[in-house]
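Here is the structure we will look at.
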2 protein chains.
Amino acid sequence: MGEAAVGARPRSRGVHKHVQVREYVRELIGGAEPGTPAPSERELVQQFGVARMTVRQALDALVAEGLLERIPGRGTFVAHHRVDQVPRLQGFTEEMGRRGMTPTSRTLLARLEAAGPGVARALDINLGEPVVHWQRLRFADSAPMCVQDVYCASELVPGLLEALPESLYAELERRDLEPTWGEDSVDAGVAGEQEAKLLGVAVGHPVLRVARRTFSDKRPVEVSRSTYRADRFTMWVPLTRIPQPRA
Amino acid sequence: MGEAAVGARPRSRGVHKHVQVREYVRELIGGAEPGTPAPSERELVQQFGVARMTVRQALDALVAEGLLERIPGRGTFVAHHRVDQVPRLQGFTEEMGRRGMTPTSRTLLARLEAAGPGVARALDINLGEPVVHWQRLRFADSAPMCVQDVYCASELVPGLLEALPESLYAELERRDLEPTWGEDSVDAGVAGEQEAKLLGVAVGHPVLRVARRTFSDKRPVEVSRSTYRADRFTMWVPLTRIPQPRA
DNA sequence: TAGTGGTCTAGACCACGAA
DNA sequence: TCGTGGTCTAGACCACTAA
């Protein structure tokens, strides 16, 4: 019964038990083959001396991430189609790394600008406030892949222009501005003269345009426009069926 | 204590309690404004005579769907940015409806064919097995939006060709083949002669191409290729940040 | 038959927000 | 101070799988 309940730890003084269990299991199955059994729930209960609900909470998170899959009556296993069940918010560096390609970049432009109407609205700042505008030509395995324009409120990222990182997202994490969610708007277009020259294609070559906003908690931290060579880049989106509202 | 535990109901003989609570709440907040308070967890415990964990399980699902948001110390509310946190698997009919447009279609082709290599692999059937091939020109508010080719294993959908539905997904649900998940591969292209004529654009006009596979549980039920007019259609993809593996 | 995950109970303490 | 969600306990029965 609840008589022995301990209650939640203060966030600042200790890590929650379900987080401990979750990170332990994440580490454990880090490089494991799909299909490898994870520890059973009752095993983890023994090891950590916690209740089963706590273990389930930990495993639920890993299942939601697509790292584990449960098979009733059999056990919990490293997920087979290890693909994400949810589209990950990743930067170019991370995404190309995950595709097994080597990302590199050439900075075309990096300066302070006054926020125009679109950028100001997207970043939720006032018109004309200073923003960092960083334009890069990005390569995968040395071949041009996309042209990317990134904008951040300059106030949020002091000194960024003086020491441009390779991965913006990694840098934002270091600054405690870790992006936690975002949204892409994807459409198609054809390369203009400038884009064509940079990407190494003919004018009129099809391109995939991705407009992104990312947020750290509720605050917008970055907006970007990326133009990909359609012949080199396909976007992959996992979908989940959710009961439709009564028509 | 566990003394009064009731255990799980057989799936066929009754709906689980957390599902009952979830659907009750879903109904309740159906058309509500963002920010409207949902019943508190303890209220639902009273109403349904269930344990709080059961109520939390129900609400967890709605939060994951992006329908509700929890604010510690305040309560549970209809989510503000009611946008999905996960991309929904929806058919054209459903998606256009959600965008407030009226979907219509013109069937260009509907017949049995022998599965070619690509379709056979995607549907996980043998080369040459009969498949339904259904090609439609799809309109939103009477304007051409996309050309769509759908393929299903004919064995799975007997009689489909004799009574073509308006919404394939709704029809699959009726046949107990409800798609539960899927994946889109998205890239850009330019309209060919045939596509241009159908979509009412010039040859070379940019188009968004979406290749989709959908699954009912583990079995592939449908593959499709859709070609959208890029000037009328933008794909929106919500993204979630997941801790990156140690570099 | 033993073990697994799925569901469920009836409590508990905590931190936080609003009054 | 009171109500809320967040965390946690120590059990229970069920359906299913594999030996």
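The sequence lines fix the lettering, A, B, ..., with proteins before strands; numbering per chain opens at 1. The analysis underlying the following values was restricted to heavy atoms, covering all of them including side chains, and did not include hydrogens, waters or symmetry mates.
Summarising the geometry, the separation between NE2 on A:His16 and C1' on D:dG5 is reported as 12 Å, rounded to the nearest angstrom.
Residue pairs satisfying the ring pair (Phe, Tyr, Trp, His ring centres under 6.0 Å) criterion with at least one member in residues 22-47 of chain A, sequence neighbours excluded, are listed as follows: A:Tyr24-A:Phe48. For the salt bridge (charged side-chain N to carboxylate O under 4.0 Å, His left out) condition, the pairs that include at least one residue of residues 113-129 of chain B, sequence neighbours left out, are B:Arg111-B:Glu113. Evaluation of the ring pair (Phe, Tyr, Trp, His ring centres under 6.0 Å) test over residues 152-176 of chain A, restricted to residues two or more places apart or in two chains, returns none.
Take B:Thr93 and apply the side-chain contact (heavy atoms from CB on, under 4.5 Å) test, not counting sequence neighbours, and it matches B:Pro103, B:Arg138, B:Glu166, B:Ser167. The salt bridge (charged side-chain N to carboxylate O under 4.0 Å, His left out) check on B:Arg99 picks up B:Glu95, with sequence neighbours excluded. Contacts of A:Arg52 classified as salt bridge (charged side-chain N to carboxylate O under 4.0 Å, His left out), with partners at least two apart in sequence or in another chain: A:Glu41. Checked against salt bridge (charged side-chain N to carboxylate O under 4.0 Å, His left out), A:Asp187 has no partners two or more places apart in sequence or in another chain. Residues meeting the salt bridge (charged side-chain N to carboxylate O under 4.0 Å, His left out) test with B:Arg74, sequence neighbours left out: none. Looking at residues two or more places apart in sequence or on another chain, you find a side-chain contact (heavy atoms from CB on, under 4.5 Å) between A:Thr240 and B:Val86.
For DNA chain D, the neighbouring residues in residues 46-58 of chain A, judged by any heavy atom under 4.0 Å, are A:Gly49, A:Val50, A:Ala51, A:Arg52, A:Met53, A:Thr54, A:Gln57.
Overall, the helix from C:dT1-D:dA18 to C:dA18-D:dT1 carries an axis bend of 0° between its ends, with five pairs at each end and the value rounded to 10°.
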Filtered N/O pairs between nucleotides 1-4 of chain D and protein, under 3.5 Å:
from  : atom 1 : to      : atom 2 : distance (Å)
D:dG3 : N2     : B:Gly73 : O      : 2.8
D:dT4 : OP1    : B:Ser40 : OG     : 3.3
D:dT4 : O2     : B:Gly73 : N      : 3.4

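When atom types are taken as modelled, the side chain of B:Arg22 and the backbone of B:Asp60 share no donor-acceptor pair closer than 3.5 angstrom.
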